[in-house]
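Quantities reported herein were computed from a predicted structural model and do not represent experimental measurements. All ligand and atom numbering here is 1-based and tracks the order in the structure.
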Amino acid sequence: MKDTYGREINYLRLSITDLCNLRCQYCMPSNGIQKIAHAAILTLEELDEIALAFARLGITKVRITGGEPLARKGIITLIEKISRHESITDLALTTNGTLLNTMAQDLKNAGLKRVNISVDSLDDKKYNMMTRGGKLKEVLKGIEKAKEVGLTPIKLNVVLIGGFNDNEIESFVSLTQDEAIDVRFIELMPIGEVAKWSQSNFLPNDYVLETVPTLVKMEKVDPSSPALYYQLPGAKGRVGLISPVSCKFCHTCNRVRLTSEGKLKHCLHSNEEFDLKEVLRQGNSITDFIQYVMLQKPLEHTIEEGSFIARNMIQVGG
Ligand code: SAM
Ligand code: SF4
């Protein structure tokens with residue numbers, strides 16, 4: 001499936017809930033978000049039907065996200081269903097990792113290939129503060145369990161936040177020395193009600209390279225990956241830099257997003273949304289609708305001009 005600019009769209013990010021057991025400061029406003037009625041959320045069957053339609057249109061990679069996807073009832077069943085679609089060769093999930101210790105084995109058995117785990121500090125107190133209540137110990141246990149059951153390769157997502165974790169860059173990078181994991185620094189994006197906060201705490205990813213000058217740039221293997229990879233000499237793992245703000249990668253964008261309410265988003269940073277759930281529930285062709293939406297995909301985002309989306313990240317899924 002191609003868009004108007006000839007980009008091959010083969011990656012679907014499926015948000016299955018906008019609820020979360022954490023409340024990260026850059027993702028969710030302090031007063032929370034408006035609760036959505038249960039009936040407005042796509043059912044497991046609908047999510048699977050949509051995944052199948054996308055698979056038939058050439059989507060080969062599906063990432064389950066949220067809110068916190070492991071907090072959604074029926075997640076294991078959903079993974080089982082989606083993993084049966086043979087053309088989806090890469091079925092992954094992004095999680096805060098807090099529930100992974102108890103769920104990793106079932107996820108693996110259900111057909112999940114790998115997990116990305118978000119962790120922005122290696123200090124208990126700081127982690128607890130940024131997530132408004134999270135316990136780092138649970139995440140670390142989750143990471144170990146994911147390794148043990150083979151939900152690999154594991155990627156750790158670290159949102160770089162000025163004055164918060166900029167003094168932990170070396171500690172994060174050193175995790176890649178003896179283990180085959182990827183640590184990926186993600187630039188803080190100005191999104192939703194907390195956009196101003198994100199702008200005032202923004203630090204460009206170049207800061208990582210200034211802090212650890214021994215990092216060596218690697219050749220890009222996957223042209224559609226938003227990350228540029230680096231490595232410490234002799235390291236087993238890699239350090240990724242995802243820089244949507246300082247160095248946008250729209251020209252290689254291969255993705256489409258679906259919110260848990262069934263709104264199709266052709267671009268993370270666009271307010272334009274298309275109601276796929278409505279089309280599905282009315283019994284119309286979702287295949288035609290998806291193809292139509294892909295042709296509306298913009299060439300690039302314009303966050304550098306100050307146009308931020310109204311939705312909060314927790315309602316989109318990253
Ligand atoms: N709850 C899961 C988690 O935290 O991994 C999945 C959903 S979360 C919205 C997906 C990813 O978006 C996480 O890696 C999170 O750190 C990232 N994220 C959230 N808000 C962000 C922001 N304003 N800028 C950059 N990344 C953000
Ligand atoms: Fe929840 Fe993930 Fe957002 Fe944190 S980043 S509030 S864990 S959805």
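- Relative to the six-membered ring of Y229, R238 meets both conditions, a distance below 6.0 Å and an angle of at most 45° to the axis.
- When only interatomic distances are considered, the shortest N/O to N/O separation between S198 and ligand 1 does not fall below 3.5 Å.
- Checking T131 against R23 by side-chain atom types alone, no donor-acceptor pair falls below 3.5 Å.
- A salt bridge links D90 with R114: the closest approach of a Lys/Arg side-chain nitrogen to an acidic carboxylate oxygen falls below 4.0 angstrom.
- Ion pairing between a basic and an acidic side chain is recognised when a charged N comes within 4.0 Å of a carboxylate O; K141 and E144 show no such pairing.
- The heavy-atom pair separating L42 from R281 by the smallest distance is CA-NH2, 4.2 Å.
- Geometrically, ligand 1 and E68 share a nitrogen or oxygen pair separated by less than 3.5 Å.
- Annotation for ligand 1: atoms under 4.0 Å from non-hydrogen atoms of T65 are 6 (C), 7 (C).
- Between E261 and K277, no side-chain nitrogen of the basic residue sits less than 4.0 Å from a carboxylate oxygen of the acidic one, so the salt-bridge criterion is not met.
- Between the side chains of E193 and N312, at least one donor N or O lies within less than 3.5 Å of an accepting N or O.
- Cation-pi geometry between K265 and F274 is not met at under 6.0 angstrom from the ring centre and within 45 degrees of the axis.
- Residue-ligand proximity, G66 to ligand 1, at heavy-atom distances under 4.0 Å covers atoms 7 (C), 9 (C).
- Taking every non-hydrogen atom of G317 and a distance limit under 4.0 Å, the qualifying atoms of ligand 1 come out as 9 (C), 10 (C).
- For the side chain to side chain contact (heavy atoms under 4.5 Å, CB included) with L160, the lone residue among D120, N201, L188, N205 that qualifies is N205.
- For atom 3 (Fe) of ligand 2, the tally of protein N/O/S atoms lying closer than 2.8 Å stands at 1.
- Relative to atom 17 (C) of ligand 1, the option among D120, I191, L93, V159 with the closest non-hydrogen atom is V159.
- Scanning G67, C27, C20 for the heavy atom closest to atom 6 (C) of ligand 1 points to G67.
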